[in-house]
There are 2 protein chains.
Amino acid sequence: MGGDTIPTQTFLNLDQDKKDRIINAAMDEFSNNQFEHAKLSNIVRAAGIPRGSFYQYFEDKYDLFYYIFELVKDKKMEYLSDLLPNPEDKPFLVLFEELFTAGTRFAIENPRFVKVFSHVIDSKGEIYDQMVKTSLEYANTYYVDYIKNDQAKGRLRSDIDPYVFAKIVIDLTLNVSLDEFGISVEELDYDKMKQRITQIISIIKHGVTKGDANV
Amino acid sequence: MGGDTIPTQTFLNLDQDKKDRIINAAMDEFSNNQFEHAKLSNIVRAAGIPRGSFYQYFEDKYDLFYYIFELVKDKKMEYLSDLLPNPEDKPFLVLFEELFTAGTRFAIENPRFVKVFSHVIDSKGEIYDQMVKTSLEYANTYYVDYIKNDQAKGRLRSDIDPYVFAKIVIDLTLNVSLDEFGISVEELDYDKMKQRITQIISIIKHGVTKGDANV
DNA sequence: CTCCCATATGACACCCTTGTCACATGGATA
DNA sequence: TATCCATGTGACAAGGGTGTCATATGGGAG
């Protein structure tokens with residue numbers, strides 16, 4: 001019975017310590033390697049369980065990854081969920097700054113999670129299609145509507161293509177926030193990131209040109 | 001003799017047709033797969049040469065990839081090299097727009113090349129470190145200096161961190177120019193891209209805020 | 001003709017992975 | 001103690017990749 005939970009009931013029955021060891025080992029492997037390069041052999045060795053046991057807990061490698069990736073998404077949602085409902089019609093740039101900040105905080109506080117995430121983003125393979133493509137497309141339309149709304153209210157220049165702007169915003173959050181030349185996620189520092197966000201928002205908001213009113 | 005050219009002399013001696021078949025097959029495989037997932041078996045099959053012959057032409061898979069990647073870089077340089085010397089002290093934003101446009105033209109006219117390139121960018125592995133990291137770091141400092149110079153001349157806001165701005169510029173050229181949700185490099189259209197570039201430059205230049213002079 | 005060297009060839013050895021399976025273990029229950 | 005069921009276990013089959021090597025081929029030189 002209960003044969004179609006994603007991890008098996010057997011896994012859920014495990015004592016917490018063993019579960020933690022497995023999750024930990026998987027997290028390590030998946031944060032250091034893309035899915036296809038992650039090796040079950042490493043995971044079972046690091047977790048200190050026999051290979052055979054693993055297959056009592058999960059269907060296969062993909063199944064494990066799916067489980068881990070859900071953990072990552074859930075964690076990220078903890079950081080973002082308060083911001084998204086948007087009851088009081090915040091300007092888009094305010095929402096953007098809040099999301100950007102929350103996302104950065106998530107990255108700093110959960111570096112391994114972010115690395116798992118980044119591998120999927122970069123992979124652009126099946127896993128990407130199945131696990132994040134839809135979310136990003138959703139974010140895109142969400143942003144586009146938001147931007148159009150702000151344009152209608154005169155908060156944003158109406159000659160800007162909402163799709164292009166939304167794409168920039170998403171790319172910035174995905175890339176700029178997470179890495180820097182030679183600096184890995186583990187070494188991020190909150191104050192520095194906060195400054196960077198302020199800078200980025202300022203550029204997006206006012207542009208880089210000096211003393212120049214916009215068109 | 002000549003034992004340390006990258007492809008062997010034997011390869012260089014091959015008749016053009018056979019060379020082309022090999023390069024073509026390699027290009028196909030490397031544009032559809034990251035290095036580690038690219039299969040020599042596919043390449044030799046597509047090129048119509050026996051497996052053993054391949055090892056008379058190249059040291060190994062990595063060697064072949066290196067050769068192919070050089071071809072890609074050379075091709076890209078054909079598009080960019082005129083712009084980089086910068087004799088007449090162009091404003092940074094003008095240079096940026098020119099590079100962006102040239103890069104886009106390269107992408108549209110050589111989609112397979114771009115895909116090879118993107119795989120490396122996304123891989124963030126050894127290949128990335130060896131083949132593009134240095135170039136990107138170089139580009140970064142080049143931009144930073146350029147930006148500082150423009151700031152000194154009052155063309156750009158001096159409260160902007162040149163490093164952050166340079167990073168944004170590089171990320172935009174690497175990501176925004178190349179893909180879009182659901183649109184692969186093969187389907188890019190020049191006019192559409194030109195519009196997008198104009199939009200992006202405009203946002204960077206003046207910001208997105210309506211009727212708002214900058215700080 | 002035959003010798004020589006560059007080149008061609010594909011079966012094969014080797015490596016490393018994943019997922020399986022027949023068997024072991026152990027605690028609860030009667 | 002006997003039995004049962006969940007769980008543990010690691011040797012192993014199968015698959016799929018790369019690079020090698022013993023052997024074939026073929027054109028030019030003597």
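Just so it is clear, the values below take in all heavy atoms, side chains as well, and ignore hydrogens, waters and symmetry mates. Letters A, B, ... mirror the listed sequences (proteins, then strands); counts begin at 1.
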- Message: Is there a side-chain contact between R51(B) and the phosphate of dA11(C), meaning an N or O under 4.0 Å from OP1 or OP2?
- Response: no

- Roughly, in whole Å, what's the span from CZ in F58(A) to P in dG19(C)? 13 Å

- Query: Nearest-Å distance, CZ (F54(B)) to C1' (dA8(C))?
  - Reply: 15 Å

- Have a look at S53(A) and say if it touches a base, only the backbone sugar-phosphate, or nothing, with a 4.0 Å heavy-atom cut-off. base

- Query: OP1 or OP2 of dT7(D) less than 4.0 angstrom from a side-chain nitrogen or oxygen of K18(A), does that happen here?
  - Reply: no

- Check: F165(B) ring centroid to Y143(B) ring centroid under 6.0 Å: no

- Query: Just by modelled atom types, is the I43(B) backbone N or O under 3.5 Å from a matching donor or acceptor in the E29(B) side chain?
  - Reply: no

- Side-chain N,O (N13(B)) to OP1/OP2 (dA6(C)) below 4.0 Å: no

- Between dG19(C) atom C1' and K39(A) atom NZ, what is the distance in whole Å? 17 Å

- Determine yes or no for a side-chain-to-main-chain donor-acceptor pair under 3.5 angstrom, with T173(B) supplying the side chain and V169(B) the backbone. yes

- Phosphate contact (dG16(D) OP1 or OP2) by S41(B) side-chain N/O below 4.0 Å: no

- Query: Between Y146(B) (side chain) and K90(B) (backbone), is there a donor-acceptor pair under 3.5 Å?
  - Reply: yes

- When the distance from CG of D15(A) to P of dT7(D) is rounded to whole Å, what number comes out? 12 Å

- Item | Whole angstrom value for the distance that separates P of dG19(C) from OH of Y62(A) | 13 Å

- Query: Expressed in angstrom and rounded to an integer, what is the separation of Q56(A) atom CD from dG10(D) atom C1'?
  - Reply: 13 Å

- Item | Contact nearer the 5' end of DNA chain C, comparing D60(A) with I49(B) | I49(B)

- Query: Rounded to whole angstroms, how far apart are CG on L40(B) and P on dG16(D)?
  - Reply: 17 Å

- Item | Y55(A) vs dG19(C): side-chain N/O to OP1/OP2 distance below 4.0 Å | yes

- Query: Looking across every strand, which nucleic acid part, if any, lies under 4.0 Å from Y57(B) by heavy atom: base, sugar-phosphate, or nothing?
  - Reply: sugar-phosphate

- OP1 or OP2 of dT7(C) under 4.0 Å from side-chain N/O of T10(B): yes

- Verify, without hydrogens or angle tests, whether T104(A) (side chain) and F100(A) (backbone) share a donor-acceptor contact under 3.5 angstrom. yes

- Starting at CD of Q9(B) and ending at P of dC5(C), how long is that distance when rounded to a whole Å? 18 Å

